[in-house]
There are 2 protein chains.
Amino acid sequence: MSWRKDHRRPERGYHHGNLKEALLQAALGLIAEKGAAGFTFADAARSAGVSPAAPYRHFRDRDELLASIAQRGFEQFEAVLTRAWDDGRPDTVSAFERVGRAYLAFARDEPAYYSAMFESGLPTDVNPMLSAASERAFSVIRAAAERLAALTPPGVARPPALMMALHIWSMSHGIASLFGRGDAARRKMPMSAEDLLEAGVLIYLRGLGFPTDRRSPEDPNAPTGRPRGPWDQKSAT
Amino acid sequence: MSWRKDHRRPERGYHHGNLKEALLQAALGLIAEKGAAGFTFADAARSAGVSPAAPYRHFRDRDELLASIAQRGFEQFEAVLTRAWDDGRPDTVSAFERVGRAYLAFARDEPAYYSAMFESGLPTDVNPMLSAASERAFSVIRAAAERLAALTPPGVARPPALMMALHIWSMSHGIASLFGRGDAARRKMPMSAEDLLEAGVLIYLRGLGFPTDRRSPEDPNAPTGRPRGPWDQKSAT
DNA sequence: AACTCATGTGAATGGTTTTTACATGAGCAC
DNA sequence: GTGCTCATGTAAAAACCATTCACATGAGTT
């Protein structure tokens, strides 16, 4: 049952056996703990139980390790967004909102990945593998926007899907960066990041001519009430 | 004999005379050059022509210097946004868009400040002066949103101004972070960051019920043309 | 002129990055 | 099994940075 010295740490011989993976995991933990800037190469080596020079057998330098993490992050991000999109089921608009929530959930649940992906100051364009992975993640949002754009009601101008995707991505990224994480940079928030994003997306879609009110336009429950907006969806009192 | 200061500075006595300011300026240049992460305390000292220990007479540590820069950045940011808002002249909506463009212009023209403010990983809440400065900058956007919210057409639900401000800020910040800077993280962009933000804001405002089309609704130049959206505002062919 | 104290220096400590020469042992040929 | 080879790990060292401490300087004050 013991295939490699993968499991436990019985007695690490001279060779680690799986150092590259161990370094990635160690770095991930350290970034989550002390931020992308505070993470050090030597610390990762110490975490993995090897000398400070060992990592250089697997990564050219600290930046390459960071880039590997960012790339893996984009791959997981793509998977998460793809699953949330679920090819637009059960309906395009609600699947689209699910993608938005998945975006925020990823930023919150995987701060280390998110940090490496967006806040590590890595030059994105010099690493083709990295920028390709990033592009694939974005293409999920873009594909969803294409489907949404195709649903534009008749008589309404059809927006460019790429522009829609960039808007939604920007708002998601802005909310995640400014308000999305645990306790950092938190301001007086009247609502959760998720609700903020959902309301923003609904308002935006309404601005494009989509009908987004899930209540019937003439709500029998509020015949004389004030007009309602998408931001009321969760605040029914 | 070797000059004590590598640069031609008239005052080269034992005391610098204005070291704190010189360090701030030096750090600003270094951050612009090598990013917030790459900037080193010793480098700033060298730039100012003093020993590596001298900066400790003015800043507790590297983070405090970074925080000082971030604070000054928020102050300049506030001034820039306030000037752009110009108390809502000549009309609220166009002044609001001017604020958005000013946001992007600041991120582009002052990457060092922007980096220190938003990308340096500083704990915002532990420094009261810093978070207050950040709050004051945000309050400009918030005040503009208040004025905008007050203009909600009759019969349309009035959105919470704070929510509007958070949405606009998020989109601005997202665009600035993802697409706003010189050559970093640039993707296939169908339009400039400024136009992207302007279109996004107009669509968002339309979603809130604001009339935003600057063309007359029945445009005589396009009597049989396709329907138009805010994204067409700049693309008149 | 003498005193004081903010401000700057030099040196020392301990950590990080990265390179270089060397050590180990896993996989493979035989 | 024996012996070869090479990927992988180590130790040592140079260069750099953050931080501290004892000490030096000189500007402002008395």
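Side chains are part of it too, since the values below use all heavy atoms of this structure and drop only hydrogens, waters and symmetry mates. Lettering follows sequence order; numbering is per chain, from 1.
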Determine the contact category for [X]: base if any of its heavy atoms lies under 4.0 Å from a base atom, sugar-phosphate if only primed atoms, P, OP1 or OP2 are that close, otherwise nothing.
{"X": "A:Phe41", "value": "sugar-phosphate"}
{"X": "B:Ala42", "value": "sugar-phosphate"}
{"X": "B:Ser51", "value": "base"}

Whether B:Phe138 and B:Trp169 hold their rings parallel, tilted or perpendicular, with breakpoints at 30° and 60°: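 Ring orientation, 0 to 90° scale: parallel.
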Plane angle bin for A:Tyr113 and A:Phe106 - parallel if under 30°, tilted between 30 and 60°, otherwise perpendicular: parallel
Rounding to an integer number of Å, can you tell me how far [X] [atom1] sits from [N] [atom2]?
{"X": "A:Leu19", "N": "C:dA26", "atom1": "CG", "atom2": "C1'", "result": "16 Å"}
{"X": "A:Glu21", "N": "D:dT8", "atom1": "CD", "atom2": "P", "result": "14 Å"}
{"X": "B:Arg60", "N": "D:dA18", "atom1": "CZ", "atom2": "P", "result": "16 Å"}
{"X": "B:Phe59", "N": "D:dC17", "atom1": "CZ", "atom2": "C1'", "result": "18 Å"}
{"X": "A:Arg57", "N": "C:dT19", "atom1": "CZ", "atom2": "P", "result": "11 Å"}
{"X": "B:Tyr56", "N": "D:dC17", "atom1": "OH", "atom2": "C1'", "result": "8 Å"}
{"X": "A:Arg62", "N": "D:dC16", "atom1": "CZ", "atom2": "C1'", "result": "15 Å"}
{"X": "A:Arg46", "N": "C:dT17", "atom1": "CZ", "atom2": "P", "result": "9 Å"}

Non-hydrogen atoms of B:Met117 and B:Gly73 that approach each other most closely: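 So the two residues come closest at SD-C, 3.6 Å.
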Reference residue B:Glu194; test salt bridge (charged side-chain N to carboxylate O under 4.0 Å, His left out); the match among B:Arg108, B:Arg101, B:Arg98: B:Arg108
Nearest listed nucleotide, side chain of B:His58, among D:dA12, C:dT7, C:dT9: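 For the B:His58 side chain, the nearest candidate turns out to be C:dT7.
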Listed nucleotide nearest any side-chain atom of B:Ala53, set D:dA18, D:dC21, C:dT16: D:dC21
